[in-house]
Enquirer: 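Below you'll find the structure I mean.
Just so you know, ligand 1 is whichever comes first in the structure, and atom 1 is the first atom listed for that ligand. In this chain, residues are counted from 1 in sequence order.
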Amino acid sequence: MRRSVLVFLLITVVILTFLLHEVSTLIALLLEDASADAIQKSELPAPNSTLLSTRPQLIPKIIHQTYINETIPPQWLPAQQACLDLHQDYEYILWTDAKSLEFIEKEYPWFAPTFRGYQHPIQRADSIRYFVLATYGGVYIDLDDGCKRRLDPLLSYNAFLRRTVPTGISNDVMGAIPQHPFFLRVIESLQGANRKWVLPYITIMASTGPLFLSVIWKKWMGEHADLEDTAGTAEEWKGRVRVLMPDEYSGHTWSFFNEFKGNSWHGKDAKLIFWMGKNWLLLTAAGTVIVLSLGLAMWWIYGRILLLGQKRRGYVAVGSNGSPSLVPTRGTSRSPRNSPRKGPSSLWKRLGMEGKKERYELVEQHDA
Ligand SMILES: *[C@@H]1O[C@H](CO)[C@@H](O)[C@H](O)[C@H]1NC(C)=O
Ligand SMILES: *[C@@H]1O[C@H](CO)[C@@H](O)[C@H](O)[C@H]1NC(C)=O
């Protein structure tokens, strides 16, 4: 086998292994139902239950939200007000763009260049929530998620995320104790994930958004599978991330949130971004198919080039008197006088042209 083919095969194997490795997390995500960490219905007291006060409180009573500035658009006001009204004993922090930048520059200067450099404002809105949860703890709530009941029962976990349908998790509602190891891991991963993809929406999803968070969450569980076994025991692993399931998120009398899905978030692409957020898995699958097709197309083109190269190389430079001349491998159109008389058999053999060699010899004999 030619060395170029070997190199190509090697590179292909490396790339495929890399792709499979990347895709395997996505496939694993697809299959992940979060049942091991789901917050069970039976764990949660009913909204007005007297059992509420018997639960420990780990997550501090802080609600974080983000917006461009202090002027919340009218369509979000009822949702925001519902959260404020239900949690008057909670601290409330609205992270405006200016406040977020100031916070990052003061507390996480190593991240400030990345934070400032994000091309899309929503990447800053995404990433700031991970940093404030890792720093202060509390519950982050998107402005379009109105509160329907008090969050208290959720404060008894070390951390929780929200499950999305059909798969993965979202970053629109999250809670954690300060310095929770999962959120520390998330903020450490942001710089590595800060890559540009062809489409801005994929860039947002994969660099700071739900896809980014889902991938880290899946890896986190894989890496700590042994610790997950301590679930429910006295020395339960602190890094465990519980998962708020769809029924507890919205749609029922016992759910925590009302969705006020409107249309104005950060900028005019909001609708599309929301749509992509809901359909990120579909988009990821489509992206994978495109990448694989491109790979196959490249393979095919490379094959063509190799074939062409072989055909060209069929004309080899040989000459009886030492001067190079072209000998055609096909047909006998050229004068046999130009063909080698002595010792070319090894060359013929190498080129696998035994049959043609015989033909030449016949012509030579005839000539002589
Ligand atoms: C809980 O109590 C409040 C105030 O008493 C009431 O408005 C609300 O409807 C109750 N929620 C449920 C689910 O019963
Ligand atoms: C807040 O941002 C919105 C949207 O960019 C803008 O229309 C509004 O004027 C801003 N408000 C203040 C007080 O700067």
Enquirer: Answer yes or no: is there a side-chain heavy-atom contact under 4.5 Å between Asp145 and Phe256?
Expert: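 A side-chain contact is absent here, since even the closest heavy-atom pair is not under 4.5 Å.
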Enquirer: Excluding sequence neighbours, so at least two apart, what forms ring-ring contact (aromatic ring centres under 6.0 Å, His included) with Phe115?
Expert: none
Enquirer: Inspect the contact between Arg163 and Asp33 and indicate whether a charged nitrogen and a carboxylate oxygen are less than 4.0 angstrom apart.
Expert: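 Answer for the salt bridge query: no.
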Enquirer: For ligand 2, what are the residues with a heavy-atom contact below 4.0 Å?
Expert: Asn69, Thr71
Enquirer: Tell me which pairs pass salt bridge (charged side-chain N to carboxylate O under 4.0 Å, His left out) where either residue lies in residues 185-211, with sequence neighbours left out.
Expert: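 Counting only pairs at least two positions apart or across chains, the salt bridge (charged side-chain N to carboxylate O under 4.0 Å, His left out) contacts touching residues 185-211 are Arg185-Glu223.
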Enquirer: According to side chain to side chain donor-acceptor pair (under 3.5 Å), who are the partners of Lys218, at least two apart in sequence or on a separate chain?
Expert: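 In terms of side chain to side chain donor-acceptor pair (under 3.5 Å), with neighbours along the sequence ignored, Lys218 is linked to Glu32.
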Enquirer: Contact between Leu155 and Lys61 at the side-chain level, heavy atoms closer than 4.5 Å - yes or no?
Expert: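 Answer yes - side chains close enough.
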